[in-house]
Amino acid sequence: MSATPSVETRRYRGQGGLSLAADVGGDPRQPGVILLHGGGQTRHSWDGAMRELLAAGYHVINLDARGHGESEWSAQADYGIDTLAEDLLAVIATLPARPALVGASMGGATLMQAAGSRREAIADALILVDIVPRLEAQGSAKIGGFMRAHADGFATLEDAVDAVSAYNPHRPRPRDPGGLMKNLRRRQDGRLYWHWDPRFVDHPRRLEPPEFAEEMLKAARQIRTPTLLVRGLQSDIVSDAGVEELRAQMPGLEVCDVAGAGHMVVGDRNDVFNHAVTEFLRRHLPRPQ
């Protein structure tokens with residue numbers, strides 16, 4: 001049995017020179033896959049998927065978005081989707097060949113914006129995870145409410161687990177809550193805070209506003225790259241109507257519906273998600289034999 005490829009943390013320079021953190025592993029001579037997490041998450045949401053992709057032989061870059069995780073916070077609170085797209089393009093420019101891009105929620109919007117803003121293809125395969133241009137208003141409001149809550153942090157890790165469990169009641173409470181610490185940071189006051197810049201929530205060009213749909217649809221119309229949408233069937237963000245609207249702009253769109261998963265598809269059904277992604281990549285970004 002071959003050893004698991006080693007992973008190291010690297011820094012990239014995004015738009016305006018802002019420092020971005022990423023876990024990087026695998027042979028850089030092999031096809032690359034860039035993982036883009038959702039808003040309010042960190043790169044650690046992809047840990048299981050990254051292990052699977054490394055085992056399949058891909059070169060993987062698992063990126064913390066600006067203002068999230070270990071990436072630098074923007075002094076100007078510049079977290080617009082066009083800026084996130086420029087960050088992504090800067091990382092792609094370091095690779096010897098076009099990669100595959102995998103984006104959940106905000107990460108999916110980022111890759112759509114980047115791919116739709118260029119005449120030439122920036123990737124050989126795109127994978128959207130529970131994201132379409134026109135999101136369901138109630139689900140979007142729920143995400144926004146969760147992200148704006150607890151601005152004063154948490155006294156204990158258990159308090160943070162309680163907040164996550166209340167937001168995702170269908171997901172079993174973790175037996176070991178220690179993993180949640182990857183998404184938290186302890187400040188000098190001793191309290192725990194989410195591992196992202198709170199100013200991100202109120203940026204006027206974030207993902208959630210309904211008027212953002214037209215910009216994402218415009219980007220989708222320009223994309224000719226093979227694209228897979230992985231949707232959680234229990235998602236309160238992506239509806240059948242939203243999927244069909246996206247398909248009308250991207251006739252070649254493939255859709256994988258994941259039973260028993262909500263908006264957080266990767267965390268809810270990681271095994272099913274990993275299988276769908278690796279099968280799609282084998283067809284559109286195969287490893288050289």
Side-chain angles (χ1 to χ4, degrees), residues 4-5 7 23 25-26 31 33-58 60-63 99-112 123-132 135-136 139 142-143 164-165 167-176 179-180 182-183 225-240 242-244 246-247 250 252-287:
T4 302
V7 175
D23 285 338
V33 181
I34 300 178
L35 301 173
L36 307 166
H37 62 74
Q41 296 183 318
T42 71
R43 67 187 190 273
H44 296 294
S45 65
W46 294 115
D47 284 351
M50 184 172 187
R51 286 193 298 270
E52 193 78 14
L53 289 166
L54 289 173
Y58 289 98
V60 184
I61 299 174
N62 185 6
L63 190 68
L101 306 176
V102 184
S105 196
M106 178 189 78
T110 299
L111 71 82
M112 275 199 290
D124 282 347
L126 304 175
I127 298 173
L128 306 170
V129 185
D130 212 64
I131 179 68
V132 293
L135 305 178
E136 293 301 293
K142 181 181 176 182
I143 290 177
V164 173
S165 295
Y167 176 76
N168 270 328
H170 69 278
R171 185 184 294 182
R173 191 180 180 89
R175 295 180 180 178
D176 179 12
L180 190 60
K182 294 179 179 179
N183 293 317
T225 303
T227 303
L228 171 68
L229 168 63
V230 183
R231 172 177 64 155
L233 282 179
Q234 294 179 359
S235 172
D236 55 0
I237 293 293
V238 176
S239 67
D240 290 343
V243 173
E244 292 310 311
L246 177 59
R247 199 195 300 272
M250 304 174 68
L253 180 72
E254 297 184 34
V255 179
C256 174
D257 289 331
V258 181
H263 183 54
M264 306 299 180
V265 182
V266 181
D268 290 344
R269 294 296 306 277
N270 193 246
D271 54 342
V272 178
F273 172 81
N274 289 339
H275 178 74
V277 168
T278 53
E279 285 300 309
F280 186 75
L281 292 180
R282 285 192 184 102
R283 287 187 283 124
H284 297 290
L285 193 71
R287 287 184 56 234

Under a 3.5 Å distance rule, please check whether [X] uses its side chain to pair with a backbone N or O of [Y] as donor and acceptor.
{"X": "Q41", "Y": "G38", "result": "yes"}
{"X": "D268", "Y": "G262", "result": "yes"}
{"X": "Y58", "Y": "L285", "result": "yes"}
{"X": "R231", "Y": "V258", "result": "no"}

What pair of heavy atoms forms the shortest contact from [X] to [Y], and how long is it?
{"X": "V102", "Y": "F273", "value": "CG1-CZ, 4.2 Å"}
{"X": "L281", "Y": "A100", "value": "CD2-CB, 3.5 Å"}
{"X": "A109", "Y": "I131", "value": "N-CG1, 4.2 Å"}
{"X": "S45", "Y": "H37", "value": "OG-CB, 3.6 Å"}
{"X": "Q234", "Y": "G260", "value": "NE2-CA, 3.9 Å"}
{"X": "G39", "Y": "M106", "value": "N-CB, 3.4 Å"}

Contact between [X] and [Y] at the side-chain level, heavy atoms closer than 4.5 Å - yes or no?
{"X": "H275", "Y": "D271", "result": "no"}
{"X": "R247", "Y": "V255", "result": "yes"}
{"X": "V129", "Y": "V266", "result": "yes"}

Just verifying a value: how many Å separate [X] [atom1] and [Y] [atom2], rounded to the nearest 0.5 Å?
{"X": "L128", "Y": "C256", "atom1": "CG", "atom2": "SG", "value": "12.5 Å"}
{"X": "E136", "Y": "S239", "atom1": "CD", "atom2": "OG", "value": "3.5 Å"}
{"X": "L53", "Y": "T278", "atom1": "CG", "atom2": "OG1", "value": "7.5 Å"}
{"X": "E244", "Y": "L253", "atom1": "CD", "atom2": "CG", "value": "9.0 Å"}
{"X": "Y167", "Y": "M264", "atom1": "OH", "atom2": "CE", "value": "4.5 Å"}
{"X": "L126", "Y": "T225", "atom1": "CG", "atom2": "OG1", "value": "5.0 Å"}

Can V243 and V238 be said to form a side-chain contact (heavy atoms from CB on, under 4.5 Å), step by step?
CA-CA 7 Å; V243 173; V238 176; 3.6 Å; yes

For residues 35-50, pull every pair meeting salt bridge (charged side-chain N to carboxylate O under 4.0 Å, His left out), keeping only residues two or more places apart or in separate chains.
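Residue pairs passing salt bridge (charged side-chain N to carboxylate O under 4.0 Å, His left out), neighbours aside: D23-R43, R43-D64, R43-E70, D47-K182.
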
P99 and side chain to side chain contact (heavy atoms under 4.5 Å, CB included): which partner among I61, I34, V60?
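Of the listed options, the one satisfying the test is I34.
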
Among V230, L228, T227, L229, the one residue meeting side chain to side chain contact (heavy atoms under 4.5 Å, CB included) with E254
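Of the listed options, the one satisfying the test is L228.
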
Do H263 and D130 pair up side chain to side chain, a donor and an acceptor below 3.5 Å, judged on atom types alone?
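H263 vs D130: donor-acceptor pair found between side chains.
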
